[in-house]
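All remarks here apply to the structure that follows.
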Amino acid sequence: AGEERTIDGLIRDLGVLPKHRKVLRRWFATLAEDGILEPRGEVSVSREPLAPAALVELASAEQQAYIREKLPEVLTGKSHPLEFFLPEGSSSTVEASYRELAIFRYCNGISDALLANQVQALPAGRRLRILEIGAGTGGTTSRVLPALPPERVTYDFTDVSDFFFARAADKFAGFPFVRFRRLDAEQAPADQG
């Protein structure tokens with residue numbers, strides 16, 4: 001309790017890469033919104049000692065241990081962010097998060113409802129074209145594809161990296177209306193085809 005920290009201080013003292021300044025700002029803001037930190041200009045003060053579980057309370061015990069071990073490696077540049085989300089090339093950890101964490105269940109429920117309404121409202125003879133940006137491991141994709149009418153849909157599964165495409169092509173082989181394409185949403189889409 002009473003410990004004072006700044007984002008620049010964390011970057012300096014803990015060796016966090018400066019490129020992670022934005023995420024640190026968001027984490028500080030979230031902790032302040034939850035009443036855990038008290039912002040005082042550039043300084044944030046801990047109102048009480050932080051229990052590690054309070055920081056990752058929505059994660060399973062296995063996920064909490066993984067986060068405590070691996071997240072510092074990502075923040076300090078000792079490992080690539082994809083290694084955090086896909087340890088040893090396995091997507092099981094991130095896919096479990098998409099199934100188990102409340103925020104993903106909530107967001108996927110919204111996607112399900114939205115697409116169900118769009119399919120129902122689709123005029124006869126019209127096709128539905130869907131562009132999923134940042135599809136990654138296909139957590140949302142796997143929820144929505146079964147609800148789509150295959151004869152009336154074109155679905156573009158896109159990501160900034162080709163890394164996910166081979167696994168996704170195997171995973172979604174039963175949905176011939178899915179195309180796998182590279183798309184960097186920070187660049188002009190027309191320039192990428």
Side-chain angles (χ1 to χ4, degrees), residues 20 22-23 26-27 29-30 33-34 55-67 70-71 74 79-193:
H20 297 305
K22 183 177 179 179
V23 76
R26 184 65 201 129
W27 289 344
T30 299
E33 289 167 11
D34 290 346
L55 300 177
V56 287
E57 64 188 18
L58 295 177
S60 68
E62 179 183 337
Q63 289 169 329
Q64 289 180 37
Y66 182 76
I67 290 167
K70 297 296 183 183
L71 186 57
V74 171
S79 69
H80 190 278
L82 279 179
E83 292 173 28
F84 176 77
F85 291 109
L86 306 166
E88 299 174 9
S90 170
S91 62
S92 62
T93 301
V94 73
E95 287 182 27
S97 296
Y98 291 140
R99 281 190 312 273
E100 297 169 15
L101 293 180
I103 187 65
F104 293 119
R105 289 195 319 264
Y106 176 75
C107 290
N108 283 333
I110 292 171
S111 296
D112 293 348
L114 175 67
L115 281 176
N117 285 336
Q118 291 296 314
V119 167
Q120 190 174 30
L122 191 63
R126 295 290 306 268
R127 294 187 60 79
L128 183 61
R129 295 183 303 166
I130 299 171
L131 171 64
E132 183 176 0
I133 300 174
T137 63
T140 299
T141 314
S142 63
R143 291 278 308 256
V144 300
L145 290 182
L148 298 174
E151 69 285 351
R152 298 182 68 194
V153 166
T154 302
Y155 194 103
D156 286 306
F157 177 106
T158 70
D159 204 278
V160 69
S161 168
D162 297 340
F163 176 86
F164 299 104
F165 296 154
R167 181 175 286 132
D170 288 342
K171 185 175 183 178
F172 303 120
F175 300 94
F177 56 88
V178 178
R179 299 183 299 189
F180 303 92
R181 304 175 72 186
R182 188 176 191 287
L183 176 65
D184 182 347
E186 294 183 8
Q187 305 299 321
D191 294 345
Q192 300 174 70

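Owing to the predicted nature of the structure, the values given are computational and were not obtained by experimental measurement.
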Neighbour count above 12 (heavy atom, 6.0 Å) for Q120 CD: no

Ignoring hydrogens, what is the shortest heavy-atom contact between V74 and H20? Give both atom names and the distance. O-NE2, 3.4 Å

State, to 0.1 Å, how close F157 and A168 come at their nearest heavy-atom pair, and which atoms those are. CZ-CB, 3.5 Å

With T154, which of R129, R127, R179 fulfils side chain to side chain donor-acceptor pair (under 3.5 Å)? R127

Kindly determine whether V178 and L145 satisfy side-chain contact (heavy atoms from CB on, under 4.5 Å), including the steps that lead there. CA-CA 9 Å; V178 178; L145 290 182; 3.8 Å; yes

State, to 0.1 Å, how close T158 and E132 come at their nearest heavy-atom pair, and which atoms those are. OG1-O, 2.6 Å

Using modelled atom types only, decide if a donor and an acceptor are shared between the side chain of R181 and the backbone of G193 within a distance under 3.5 Å. yes

Quick one: do I130 and L115 satisfy side-chain contact (heavy atoms from CB on, under 4.5 Å)? Show the steps, please. CA-CA 10 Å; I130 299 171; L115 281 176; 3.7 Å; yes

Shortest non-hydrogen contact from A135 toward D159: N-OD2, 3.5 Å

Is the ring pair Y155/F177 parallel, tilted or perpendicular, if the boundaries are 30 and 60 degrees? perpendicular

Heavy-atom nearest pair, V144 first then S111, reads CG1-CB, 4.1 Å

Note: Q192 and D184 closest approach over all heavy atoms is OE1-N, 2.7 Å

Would you sort out whether L128 and R152 count as a side-chain contact (heavy atoms from CB on, under 4.5 Å), showing the intermediate values? CA-CA 6 Å; L128 183 61; R152 298 182 68 194; 5.9 Å; no

Any chance you could measure D112, atom CG, to N117, atom CG, to the nearest 0.5 Å? 11.0 Å

So does S142 get a backbone contact from the side chain of K171, meaning a donor-acceptor N/O pair under 3.5 Å? no

Parallel, tilted or perpendicular: which describes the rings of F165 and F180, with under 30° parallel and over 60° perpendicular? tilted

